[in-house]
Undergrad: 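Just passing along the structure, written as structure tokens.
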Amino acid sequence: MNLENIGLSSKNLDPSRIRQLDLNTSNQIAAGEVIERPSSALKELVENSIDAGATSIDIVYANGGKSFLSVKDNGHGINREDLSLALSRHATSKISTIGDLTNINSLGFRGEALAAIGAVAELTIKSRFLELGEAFEISSIYGEVKEVKPSQYLEGTLIEVKNIFQSVPARLKFLKTDRAEGISILEVVKKLSLSNPEIGFKLYEIKDEGNPREILRLTSSTDYNCLSLRIKEVLKNAFMENSYQVDFKSENIKITGYISSPTFVSGNASNCYFFVNGRFVRDRTLFSYLRMAYGDLLEKAGFPSAVLFLTIPSREIDVNVHPSKMEIKFKKLELIRQGLKSAVRQSLNFEKFNTRNHLSKQAYSYFRKHESSNSYQKADFSNNQNDSLELEMDVNTSKRFDREDGFTSENKDLQNHENNMLGTPKAHLFKNFIVAQNDNELVIIDQHAAHERILYEKLKAQKCDQGIAVQELLVPEIVELTSIEVDVIIEKQSIMKQLGLEIERFGPASLCIRGVPALLGEVCPKTLLIDLLEDLENLDTFESLENKIDKVFSSMACHGSVRSGRILKYEEMENLLREMEKTPNSDQCNHGRPTYLKLDLEKINKLFGRT
């Protein structure tokens with residue numbers, strides 16, 4: 001066969017031949033896996049400083065780290081004989097054999113970072129080895145390594161990186177603006193500093209050839225509360241004021257740190273920091289497990305905040321997944337899921353009634369004097385002397401106030417309830433809100449949200465004790481569906497029974513509902529059945545049956561709870577408040593929203609200018 005007849009001449013075949021890349025090209029390709037941007041170079045350098053035992057790390061950058069980046073530490077330094085070797089690929093002091101990969105106790109271990117940076121930038125290392133007291137330096141200019149020579153450097157190690165990716169234009173053009181790269185550098189420092197509160201960090205930016213501008217200064221601390229102090233310094237938001245400490249330990253996992261209150265939520269996961277054996281990791285599974293641990297306390301669209309440290313035996317994880325070392329594989333994912341669930345629930349204390357604090361501040365901010373309150377116009381009643389002033393107020397306490405002391409004799413014995421957390425009901429407003437008073441606080445309760453949580457917790461408790469009590473329907477309800485829908489429902493008949501719903505086939509395309517959960521009272525059986533089916537199908541498939549049933553209970557409780565728009569009697573309001581105080585997690589409804597707000601007397605006085 002003539003190759004030229006089909007367009008495959010020997011000349012055309014030459015470009016497709018396999019060839020060995022030169023060392024410089026292969027090094028720059030490999031460097032692209034480790035060093036994606038200036039902040040990833042910084043991460044590698046700071047991790048080396050931490051591994052070197054540094055207690056102080058200073059970082060300076062210019063133009064988002066593109067033109068200049070330096071890291072100075074007071075660690076033990078690098079020996080003269082090791083300086084040139086440090087710029088070789090896969091040269092490290094952290095491991096020596098393949099077996100060591102199952103027992104990684106340092107941040108760095110691959111031996112690629114310095115060689116990668118030296119291949120794509122102008123790199124200079126100055127270091128004084130602590131044991132010998134001598135300082136030397138070495139340079140690498142885009143992969144060309146220079147000779148080691150004496151240096152005047154005084155302490156630890158100083159590494160300077162200039163003009164990163166100038167030799168790789170394809171990578172350089174994909175870098176973001178100086179400001180965006182600077183923010184990325186700041187985020188790297190924040191993450192590394194959170195896991196090392198015993199190390200001091202300083203971050204500076206050089207602008208317009210002037211003196212470096214201080215961006216961040218974090219002092220080192222070894223106090224018992226050093227982590228909480230570091231979190232306050234780094235996050236600079238209200239996280240610590242609205243957080244719970246986590247301190248959980250089981251046979252194979254230890255989890256410490258802080259998690260936010262279920263109502264202290266954000267619109268994304270940017271305030272979630274996970275550290276595994278001291279290493280910051282990006283892991284969507286950990287975040288999913290954290291959200292699952294909050295369960296029904298978290299708003300569906302809300303994201304919790306967390307700074308969590310997981311300590312796991314090295315043999316149970318694999319950190320050698322990606323050159324960036326920020327991805328990780330867990331040998332026993334179920335162990336991690338159960339550990340996070342137990343840690344969160346123990347920290348939030350799911351079994352007791354919790355009071356909320358930060359919502360009081362939020363509620364207080366809603367009380368504002370009207371803009372025209374100091375410049376009102378005097379009303380003219382001269383032509384309306386016979387008109388009466390009508391105030392429309394939906395108040396229903398079912399008891400009348402006495403002119404002398406404000407209470408009837410029937411009400412006087414109820415005053416002791418004001419010592420309770422939620423106090424005594426005083427009014428019912430807008431057919432949905434109960435206004436109560438305790439010793440020194442005004443409390444506003446959402447009746448639907450509160451009753452929803454009470455029913456939900458009762459359903460869960462009933463399921464664990466003797467099973468859901470079923471109320472037989474006096475007249476069974478027949479529901480007409482399609483044959484396919486009936487088949488799907490019958491397949492879930494056992495789950496429906498656990499939910500307290502008794503159903504059976506009533507023909508090819510119909511079902512018979514014979515009983516509903518007794519706790520729900522008067523509900524529409526057909527609507528309840530359809531909603532439960534939708535809930536069961538929408539839930540994630542990897543969730544356990546127990547979690548699925550609990551989530552469906554949430555919808556069931558919504559069906560049976562007292563509706564907005566229903567006026568409650570005094571006894572009903574009183575019973576609801578006392579039930580809330582006995583019910584765990586009743587400070588939030590099943591969807592994570594608050595069930596009540598508080599305003600203390602001191603703030604009320606301030607609203608009216610009282611001192």
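Remember, it's a predicted structure, so these values are computed and weren't measured experimentally.
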Undergrad: Using the salt bridge (charged side-chain N to carboxylate O under 4.0 Å, His left out) rule, collect all pairs that involve residues 215-232, keeping only residues at least two apart or in two chains.
TA: Glu214-Arg217, Arg230-Glu233
Undergrad: Going by side chain to side chain donor-acceptor pair (under 3.5 Å), name the pairs with one or both residues in residues 64-76, residues two or more places apart or in two chains.
TA: Ser49-Asp73, Thr55-Asn74, Asn63-Ser67, Lys66-Asp178
Undergrad: List the residues meeting side chain to side chain donor-acceptor pair (under 3.5 Å) with Ser184, not counting sequence neighbours, and say none if there are none.
TA: Ser39
Undergrad: Would you mind listing every side chain to side chain donor-acceptor pair (under 3.5 Å) that reaches into residues 148-159, with sequence neighbours excluded?
TA: Ser127-Thr157, Glu137-Ser151
Undergrad: Once side chain to side chain donor-acceptor pair (under 3.5 Å) is applied, do any residues pair with Thr124, and if so which ones, sequence neighbours excluded?
TA: Ser139
Undergrad: Tell me every residue that passes ring pair (Phe, Tyr, Trp, His ring centres under 6.0 Å) with Phe248, counting only those two or more places apart in sequence or in another chain.
TA: none
Undergrad: Under the side chain to side chain donor-acceptor pair (under 3.5 Å) test, which residues partner Glu160, sequence neighbours left out?
TA: none
Undergrad: Could I get the full list of ring pair (Phe, Tyr, Trp, His ring centres under 6.0 Å) partners for Phe274, not counting sequence neighbours?
TA: none
Undergrad: Within the distance-only criterion (no hydrogens, no angle test), does the side chain of Ser347 pair as donor or acceptor with the backbone N or O of Ala343 below 3.5 angstrom?
TA: no
Undergrad: Apply side chain to side chain donor-acceptor pair (under 3.5 Å) to Arg213 and list each qualifying residue two or more places apart in sequence or on a separate chain.
TA: Glu205
Undergrad: Under the salt bridge (charged side-chain N to carboxylate O under 4.0 Å, His left out) rule, collect the residues that match up with Lys126, sequence neighbours excluded.
TA: none
Undergrad: For Phe330, check ring pair (Phe, Tyr, Trp, His ring centres under 6.0 Å) against everything at least two apart and list the hits.
TA: none
Undergrad: Not counting sequence neighbours, which residues clear salt bridge (charged side-chain N to carboxylate O under 4.0 Å, His left out) with Lys146? List them please.
TA: Glu144
